[in-house]
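So you know, we letter chains A, B, ... as the sequences are listed, proteins then strands, and number each from 1.
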Amino acid sequence: MDEEYDAIVLGTGLKECIISGLLSVKGLKVLHMDRNDYYGGESASLNLKQLWEKFRPGQQPPPSLGASRDYNVDMVPKFMMANGQLVKTLIYTDVTKYLEFKAVDGSYVLNKGKVYKTPVTPNEALASPLMGMIEKFRARGFFSFVEAYDVRDPATHKGLDLRRMTMGELYTYYNLDAQTVDFIGHAIALHRDDKYLGEPALPTVNKIKLYHDSLTRYEGLTSPYIYPRYGLGELPQAFARLSAVYGGTYMLNKADAEVVYDESGAAVGVSSAGETARCKFVVGDASYFPAKTRVAARVVRAVCFLSHPVPNTNNAHSVQIILPQKQIGRHSDMYVFCCSYAHNVAANNKWLAFVSTTVETANPEAELAPGLALLGHIDEKFVTVSDVHAPLDDGSRDKCYISTGYDPTTHFETTVEDVLSLYRRITGEVPDLDSKNPRLAEPPAE
Amino acid sequence: MAADLSAPALAQQQTAKLVLLGEQAAGKSSLVLRYVKGQFFDYQASTVGAAFLTKTIPELNIKFEIWDTAGQERYHSLAPMYYRGAAAAIIVYDITSTDSFNRAKAWVRELQRQGSPNMIMALAGNKADLESARAVATEEAQAYANEAGLFFLETSAKTAANVNELFAEIARKLPKAEAAPRQPQGGIVLDSAPAQAPKKSACCA
Ligand SMILES: Nc1nc2c(ncn2[C@@H]2O[C@H](COP(=O)(O)OP(=O)(O)OP(=O)(O)O)[C@@H](O)[C@H]2O)c(=O)[nH]1
Ligand SMILES: [Mg+2]
């Protein structure tokens with residue numbers, strides 16, 4: 001281990017593994033370590049044994065759940081937008097070849113206590129029982145405008161300047177009522193609160209377009225989301241493999257790994273078992289940098305084992321339900337995710353449902369009640385509260401590039417944004433994810 | 001190699017994931033390179049770059065997706081994703097090294113514990129051309145393979161001896177019925193085909 005590297009990456013969570021992969025492909029010499037003996041850190045997927053060990057030490061999972069190895073339970077449940085940044089990153093790095101994905105069946109939204117399919121296209125708006133007749137036509141007009149809108153083509157702008165106009169003003173322009181605004185803002189644009197109403201409309205219009213483009217990205221999608229077989233834990237492993245293929249060195253099970261600093265407080269290496277590997281900078285998750293982060297938010301999550309699909313979702317094997325803040329009398333939205341044996345994350349005829357939200361009270365578990373109420377009978381339930389850490393510094397001074405914890409958003413857009421921000425701070429470059437990485441011009445197979 | 005030209009209709013083609021395991025420098029990458037490209041290098045760099053190759057066997061209508069460890073096994077850091085869903089594994093040792101043979105046995109145990117129960121396992125005693133430096137007797141390895149239920153061959157990536165035979169025998173052993181369940185039902189292939197947005201023109205050199 002007494003060697004010299006360009007970068008040492010600590011923790012094998014998804015963000016760290018993507019960064020590690022990008023840096024190795026760029027030609028940097030990378031050492032990647034984790035204190036655990038498995039990949040994924042906070043974003044690992046656990047089997048039953050690991051789950052019980054972690055949350056109910058000394059107890060055994062009930063045999064009725066089936067074999068431990070059939071389970072891959074995400075610790076940070078999220079879905080991938082089919083046309084989102086993570087998919088683009090996977091294509092950019094060619095990591096897709098290590099993974100298999102399947103569509104998520106449905107995307108739903110809670111309205112007045114009932115669960116509805118989320119309408120996004122003009123036609124779906126017309127068919128949705130969520131809105132009255134007149135409102136449907138207004139919504140159709142709004143969706144047609146958004147669908148056609150192209151920043152570079154003024155002919156599609158209808159004289160509206162979306163950089164100036166606020167989103168609230170755009171809704172008013174289309175005369176949309178509060179209920180419609182609620183599901184568009186929260187279930188389609190995926191905002192977590194209503195701050196966006198007073199901000200320029202363009203970013204939100206782009207979010208709605210992302211949802212729509214994701215829905216039409218691959219044939220036969222019935223939601224904008226996809227999800228890997230065997231769970232999200234496959235993602236960090238796949239990017240770690242990319243890093244290794246490009247020369248990255250992997251060491252797991254380094255329980256005592258610790259950053260070494262020079263007199264000026266800049267990171268110069270990492271020590272473990274009496275040896276020190278030197279490097280130009282360190283990247284990692286907050287847990288490896290005590291006193292260099294602050295708690296930005298707290299998230300409460302419940303993992304529930306079900307023997308049936310989530311009620312009122314057309315027997316979906318995988319589904320997302322968004323509970324907009326106003327519908328449940330809160331400041332932040334609540335999310336329900338569900339997947340099943342169809343994605344190889346649970347034993348036959350078992351479903352895993354997750355309920356998560358940002359903590360607002362002193363009794364986080366009780367806050368989950370409206371989400372849990374949608375699930376029907378729950379066989380087993382685990383509740384965790386975790387702090388989302390954010391770095392205090394940008395890394396330029398102390399050579400510590402620290403990733404932000406996983407927020408409660410339903411998808412990976414903010415995850416990739418954080419990775420790209422780290423990459424830019426480290427290298428001064430921004431990869432163009434719409435292309436294929438030119439350094440990956442691999443010799444063709446066969 | 002002309003194999004790809006004669007590849008038959010893809011509809012019926014069976015894709016089989018094949019992984020290689022074994023101690024560093026046992027010759028994993030060299031075996032793959034010999035088999036897929038017909039090449040051998042005396043100074044094969046420790047695996048970097050191409051650790052994922054494919055090869056089609058037209059006669060059997062099988063496409064191998066061959067995974068090489070990318071060095072992650074070096075510090076016992078191989079990801080379970082590596083052998084997840086693998087139809088076959090080749091465990092490689094170097095006949096001139098007893099250590100590498102012991103390591104191969106450890107891999108066999110690991111796979112029997114973690115891998116899919118119907119995975120086909122082959123044991124390859126590589127560098128068979130180095131007879132004068134042999135440290136592991138053929139009989140000993142054969143006896144072990146019989147006991148553990150493995151298919152065994154001594155190979156040489158250098159002379160190509162038994163290399164094609166090794167892969168061909170694995171292809172023959174693949175249960176045909178496996179073809180259907182291995183297909184991801186409803187799977188999506190992520191590609192870079194543009195959704196509907198017009199392609200951005202490349203601006204800079
Ligand atoms: N004589 C002889 N040398 C071989 C044979 N196969 C591989 N070698 C040599 O052994 C060395 C290691 O071979 P690799 O193919 O890189 O071994 P590996 O198992 O892929 O090693 P790692 O990627 O480092 O784990 C290279 O110098 C090869 O040229 C063989 O059959 N005979
Ligand atoms: Mg190799």
Q.
Whether the side chain of A:R69 engages the backbone of B:Q114 through a donor-acceptor N/O pair (distance < 3.5 Å, no angle test) should be reported.
A.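 Confirmed, A:R69 side chain pairs with B:Q114 backbone.
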(Q) If we ignore hydrogens and angles and just use 3.5 Å, is the side chain of A:Y39 paired with the main-chain N or O of B:S77 as donor and acceptor? (A)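 Judged by distance alone, yes, a pair lies under 3.5 Å.
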Heavy-atom proximity to chain B below 4.5 Å, by part of [X]:
X: A:T249; result: side chain
X: A:N72; result: side chain
X: A:L242; result: neither
X: A:A238; result: both

**Q.** Crowding at CD, A:E429 (>12 non-hydrogen neighbours, <6.0 Å)
**A.**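 Result for CD/A:E429: enclosed.
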Q | ring-ring contact (aromatic ring centres under 6.0 Å, His included) against A:F143, all qualifying residues, sequence neighbours excluded | A |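 With sequence neighbours excluded, A:F143 shows a ring-ring contact (aromatic ring centres under 6.0 Å, His included) to no residue whatsoever.
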Q: Under the side chain to side chain contact (heavy atoms under 4.5 Å, CB included) rule, what do A:Y98 and B:Y82 come out as? Steps first, then yes or no, please.
A: CA-CA 9 Å; A:Y98 302 137; B:Y82 184 72; over 6 Å; no
Q) If we only count heavy atoms from C-beta on, is the B:L78 to A:Y250 side-chain gap below 4.5 Å? A)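 In short, these two side chains do not touch, never coming nearer than 4.5 Å.
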Q) Any side-chain heavy-atom pair from B:F52 and A:V245 closer than 4.5 angstrom? A)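 Side-chain contact under 4.5 Å: no.
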Q. Taking atom OH of B:Y75 and atom NE2 of A:H32, what is their separation to the nearest 0.5 Å?
A.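 That separation rounds to 15.0 Å.
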Which heavy atom in [X] sits nearest to a heavy atom in [Y], and how many Å separate them?
X: A:L99; Y: B:M81; answer: CD2-SD, 4.4 Å
X: B:Q72; Y: A:A244; answer: CG-CB, 3.4 Å
X: A:K102; Y: B:I188; answer: C-CD1, 4.2 Å

Q: Take B:L190 and A:F101, measure what side chain to side chain contact (heavy atoms under 4.5 Å, CB included) needs, and give me the verdict at the end.
A: CA-CA 8 Å; B:L190 302 189; A:F101 293 91; 3.4 Å; yes
Q | Ion pair check, B:R84 and A:E234, cut-off under 4.0 Å | A |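 A:E234 and B:R84: salt-bridged.
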**Q.** Which atoms of B:E73 approach chain A - backbone, side chain, both or neither, heavy atom under 4.5 Å
**A.**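 Neither part, no heavy atoms under 4.5 Å.
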